[in-house]
*Asks:* 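Structure provided below as structure tokens; questions to follow.
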Amino acid sequence: MPVRVPARRSAGDVVAGLGALVVLVALVGGVPYALLTFVGPPIAPELLDLGVLTSRVGPSTIVAVLVLLVWLAWFQLFVCVLVEVYAGVRRVGMPARVPLSGGMQVLANKLVSAVLLLFTAGAMVAPVAQLTPTPAAPPVTAVAYSAPIVEQELETRETRKVYVVQPPHGRHHESLWEIAEKCLGDGRRYPEIYRLNQAKEQPDGTRLRMADLIRPGWVLDMPDDARNVHVVPADQPREQTLREHPGRADPGPGRAERAAERDDRADREERRDREERQERQERQERQEREERGTPGHEGKHRQTEPGAQDGRQPVIQERQGELTDYLAAASLAAAGLLFVLARRRREQLWRRLSGRRIARPRDDAAEAEVALRLGGDAPGARILDVGLRLLGAELAAQHRTPPTVYGAHLSPRTLDLWIHPPDNDPPPPWTAQDGGQVWRLPAHEGRLLPDRRSDLHGGQEQAGGAPYPGLVSIGTDAGGRVLIDLEAAQGLINVRGPQTTAALAALAVELATNRWSDRMRITLVGFGQELTAIAPERIRAVGGLAEVLPELEANAAPRSEVLTGRVSGGHNVAHYLLSAVAPTHEEARRLALLARRDTAGYVVAGDVPHATWTMEIGDDGRARIAELGFEVEAQLLPRRHYRALVDLFRTADRLDGEAIPEAEPLAGLHPPAVEIRVLGPLEIAGLSPLEEGRMELAAELLVYLATHPGGVHPAVLGGVLWPRGVQTTVRDATISRVAAWLGPDHLLTDESGRLRLGPEVRTDWALFRELVRRAHGDPTAMAVLLEKALGLVRGPLLAGRPPGRYAWLAAEDLEYDVTAGVADAAHQLCELRLAHGRPDAAVAAVRAGLLLAADDEGLWRDLLRATHATEDSVRLRAVAEGLARRAASHPYGGGMAPETEALIEELLPTWRMHVVRESSA
């Protein structure tokens, strides 16, 4: 059972509590006693006489009215005290508002807070109407577990209990949680194992640094009450233990079945998942054999044995589904991750070598990006970013301190902020709801807000900062996404449940990549070392709380100063600590005191009783914060998923690139019956338009088939076009409709059941590659053929494609090959034109390539060199200034490549001086 350990109180806490108690007793008991003794009851006899309404009012009547008013004021104070005591003792979260109470409830809040701090170790009173630091932290309790009685033969000082970490089974790796669950009976006791083994050298020479990073073959010391372990001499080296006990321990008579069940639970679940996948695949194969093909189009319809199917079918359907469940659902985190990823890709393009494309993700990493593209809510992230910054800037301009925002709700229609204290006067376009407890920004208003604050205050740009960087999603409800502000708790936030690390990882990823923050530090304790690959400038990982507590205590910053600095454009660094390691008694006490006076947010796993907020995550995946009344579908990031994200970002850091695969030659260059144009806005030439509402899906289906000339099985096609699932009848009806739209002989089915397009259907990309291939084989016609190829480019690949569609491009070569191929062709033609003394034609060649590959910095350098060759300095300056403006306002940021800046300074030495003069003017 948990044992409560009271925290120490300072002398100031005791004096303040005693003083508050005296004042509270005087107000609640002394005032009515004095009134009854000296002036009488609330209703004087003069007020009971109805004649007072018509007769002349005398002094006694006036005194009676004043007495009544004093009694009413006291009664209002008494109600405020009752409300505050109830909220503090019962820990119901934000206290109820007493009508017309104003400053009186503030006074009651302060008095009750001080008294409860004196008399109880766990009560929490939420601040009612103050933004200044609240009183000292409530005393904190920590958890100690009493060990059950152990068997006599194990109770000896000459032996110790150890557990040997087992090799992985399939994708399943053992974790400290699982070991604690099967050896200690409770997964939440994993911190005990962690503390027993922290920093101790293991047989392979490594040490336990992170709670979620253990390796097969490690020998872990276990608590005295552990079961299913090996008993070894106390001084036996770990290497000898590993040699003597390489396998699992015998649980002993009477417990074998229970131990085996716990030990193999994950393996059974994995087998069950595999069997279900196999059953679904076999069911699909049977259905396909019964249907004998896809109705409604020409071609062969016979299918061979099941093994002839496309081998990618289970991979596409199952993997994507698993990753999509979590990554696509985290819409704000997905938007932030895509933004950071795009910035990394832009830096890769800065250093791309001719003839090579940038490295693309594979396997889980590629499917992770597909899921991010499916779920990313860039408009919602922008509304949060721009709306909150505008709110802070407007309040700063009015010399108002922003309210505490303890939660937010983002839906397709509105952004709601749950604020404290209530305020009915938000700056427009925000409006007040629910008596000022909610500030609302309609989505249509948010979409119209400018990204910069120019022209809002006399044409001057206001440098407003991010007022609420700690807002982070905890999950979704029926109406939208629910966020909490980690700073608003003004105390510890406790996370409990078997999926604690997955919840902490999700918080870390969204915090590290969100757009509504500026400078930020995130400290991960006991987990997440790999997550530093996503945002190394923001995330750091440490092994234990002892490593960071002294630094946190030294750098604590008062809340009011930080919030004021943020909205006035200050450069405060927001800091958040997420710990998967439960704190010790002393660590919990220090953290609680620190959290009450510091701006930072503190989220701690394990059992930390009487934290300000406690988020319980159940086995059903629901997250509950009772103090705030929130219950949502939790946002989680399991280990496999964040490993996929880590692989994705590590790929985006590779600068070596990959060779571009050679194109298959075309039979001829004659115009096809149907041309699918993807080098710009999607166009389908040679077909009449489909009915409204069906064109987008049909066009995407054609693009996918056209870029997979080897054929695609219908089941795979269904998983690509409907990544969240689709009925077979809907899929087949869509294929039939497209077959009828294309006409005879243009959509065929081979003997294995794969769909493919006929020879008279072609993409402009295939024609582009054929022209470039022939150009490299005929030097005399190279310039003409390259110019003809670049003439096919009309804009970015599939420009203007609908949101949510074509997410599958993330797992394909097409995007990477097209960008590199077009940029290389433009570069080669530019070099040829310059070699023949035609700089204007060289400029035209580069600009044609920039229509599609605008982020390829090598093309911008080609444009500078070609423009310089025209000997037109005015034109060159215009190109340099346009490039500088583009880099400064690029949606993914990052400026321009150093090589490009160096080239500008070489070709136009006075350029930087000219830019400085313009900015000064």
*Asks:* Going by heavy atoms in the side chains, are Val229 and Val162 under 4.5 Å from each other?
*Replies:* no

*Asks:* State whether the side chain of Arg238 and the backbone N or O of Val219 hold a donor-acceptor pair below 3.5 Å, judged by distance alone.
*Replies:* yes

*Asks:* Give me the atom names and distance for the closest heavy-atom approach of Tyr194 to Gly544.
*Replies:* OH-N, 3.9 Å

*Asks:* Does any N or O in the side chain of Glu551 come within less than 3.5 Å of the main-chain N or O of Val548, such that one atom is a donor and the other an acceptor?
*Replies:* no

*Asks:* Determine yes or no for a side-chain-to-main-chain donor-acceptor pair under 3.5 angstrom, with Tyr163 supplying the side chain and Met222 the backbone.
*Replies:* no

*Asks:* Mind running side chain to side chain contact (heavy atoms under 4.5 Å, CB included) on Glu244 and His230 for me, showing each step along the way?
*Replies:* CA-CA 10 Å; Glu244 295 179 356; His230 299 290; over 6 Å; no

*Asks:* Measure the CG-CG distance between Leu577 and Leu492 for me, rounded to the nearest 0.5 Å.
*Replies:*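 If I round to the nearest 0.5 Å, the distance is 9.5 Å.
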
*Asks:* Hey, does Tyr326 have a side-chain heavy atom less than 4.5 Å from the side chain of Leu636?
*Replies:* yes

*Asks:* Could you pull out the closest heavy-atom pair between Ala508 and Ile539, with the gap in Å?
*Replies:* O-CD1, 4.5 Å

*Asks:* Take Leu471 and Asp485 through the test side chain to side chain contact (heavy atoms under 4.5 Å, CB included) and record every step on the way to the result.
*Replies:* CA-CA 4 Å; Leu471 275 174; Asp485 190 342; 3.9 Å; yes

*Asks:* Salt bridge check, Asp620 against Arg622: does any charged N sit closer than 4.0 Å to a carboxylate O?
*Replies:* no

*Asks:* Could you tell me if the side chain of Ile493 sits less than 4.5 Å from the side chain of Thr612, heavy atoms only?
*Replies:* no

*Asks:* Would Glu530 and Arg650 count as a salt bridge (Lys or Arg N to Asp or Glu O under 4.0 Å) here? Give the steps.
*Replies:* CA-CA 10 Å; Glu530 309 100 318; Arg650 284 176 177 162; over 6 Å; no

*Asks:* So does Gly606 get a backbone contact from the side chain of Asn494, meaning a donor-acceptor N/O pair under 3.5 Å?
*Replies:*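 Between the backbone of Gly606 and the side chain of Asn494 there is a qualifying donor-acceptor contact (under 3.5 Å).
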
*Asks:* For atom CG of Asp619, is the number of surrounding heavy atoms from other residues, nucleotides or ligands below 6.0 Å larger than 12?
*Replies:*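 At most 12 heavy atoms, drawn from other residues, nucleotides or ligands, come within 6.0 Å of this atom.
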
*Asks:* With the threshold set at 4.0 Å, does a side-chain nitrogen-carboxylate oxygen contact exist between Arg344 and Glu369?
*Replies:*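 No salt bridge links Arg344 with Glu369.
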
*Asks:* Should the ring pair Tyr406 and Phe630 be called parallel, tilted or perpendicular, given that the plane angle runs from 0 to 90° and is split at 30 and 60?
*Replies:* parallel

*Asks:* Does the distance from a Lys or Arg side-chain N to an Asp or Glu carboxylate O, for Arg643 and Asp364, drop under 4.0 Å?
*Replies:*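 Salt bridge between Arg643 and Asp364, a charged N being under 4.0 Å from a carboxylate O: no.
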
*Asks:* Measuring from Asp225:CG to Glu192:CD, what's the distance to the nearest 0.5 Å?
*Replies:*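 If we round to the nearest 0.5 Å, Asp225:CG and Glu192:CD are 7.0 Å apart.
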
*Asks:* Side chains of Arg362 and Thr651: does their closest heavy-atom pair fall under 4.5 Å?
*Replies:*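 Heavy-atom side-chain distance check fails, nothing below 4.5 Å.
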
*Asks:* Short question: side chain of Arg538, backbone of Pro536 - any donor-acceptor pair under 3.5 Å?
*Replies:* no

*Asks:* Quick check: does any side chain N or O of Gln166 sit under 3.5 Å from a backbone N or O of Val164, one acting as donor and the other as acceptor?
*Replies:* yes

*Asks:* Less than 4.5 Å apart, side chain to side chain, heavy atoms only: is that true for Leu208 and Lys200?
*Replies:* no

*Asks:* State whether the side chain of Asp204 and the backbone N or O of Gly217 hold a donor-acceptor pair below 3.5 Å, judged by distance alone.
*Replies:*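 Pair absent, no side-chain N/O of Asp204 close to backbone of Gly217.
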
*Asks:* Do Tyr602 and Leu552 have side chains that get closer than 4.5 Å, going by heavy atoms?
*Replies:*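 When only atoms from C-beta onward are counted, Leu552 and Tyr602 do touch, with a gap below 4.5 Å.
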
*Asks:* With distance as the sole test, does Glu553 use its side chain to make a donor-acceptor pair with the main-chain N or O of Leu594 at under 3.5 Å?
*Replies:* no

*Asks:* I'd like to know if the side chain of Arg215 reaches the main chain of Val165, judged simply by a donor and an acceptor atom lying under 3.5 Å from each other, with no hydrogens or angles considered.
*Replies:* no

*Asks:* Hey, what do you get for CG (Leu220) to CG (Asn197), rounding to the nearest 0.5 Å?
*Replies:*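 Between Leu220 CG and Asn197 CG, I get 4.5 Å after rounding to 0.5 Å.
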
*Asks:* Just verifying a value: how many Å separate Arg624 CZ and Glu631 CD, rounded to the nearest 0.5 Å?
*Replies:*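 Answer rounded to 0.5 Å: 4.5 Å.
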
*Asks:* Carefully, step by step, assess Arg195 and Thr584 under the rule side chain to side chain contact (heavy atoms under 4.5 Å, CB included).
*Replies:* CA-CA 10 Å; Arg195 284 193 288 268; Thr584 64; 4.0 Å; yes

*Asks:* In Å and rounded to the nearest 0.5 Å, what is the CZ to CG distance from Arg227 to Leu184?
*Replies:*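 Answer rounded to 0.5 Å: 9.5 Å.
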
*Asks:* When you compare the side chain of Ile534 with that of Thr513, does any pair of heavy atoms fall below 4.5 Å?
*Replies:* yes

*Asks:* Contact between Leu372 and Leu648 at the side-chain level, heavy atoms closer than 4.5 Å - yes or no?
*Replies:* yes

*Asks:* Look up atom CZ in Phe527 and atom CG in Leu176, then write down how far apart they are to the nearest 0.5 Å.
*Replies:* 14.5 Å

*Asks:* Examine distances only and state if a side-chain atom of Arg596 and a backbone atom of Gln490 form a donor-acceptor pair shorter than 3.5 Å.
*Replies:* yes

*Asks:* For side chain to side chain contact (heavy atoms under 4.5 Å, CB included), just list the numbers for Leu332 and Leu483, CA-CA rounded to whole Å, side-chain angles, deciding distance to a tenth of an Å, and then say yes or no.
*Replies:* CA-CA 10 Å; Leu332 294 178; Leu483 301 90; 4.0 Å; yes

*Asks:* Nearest heavy-atom pair of Tyr468 and Trp516: which atoms, and what distance?
*Replies:* O-CD1, 3.6 Å

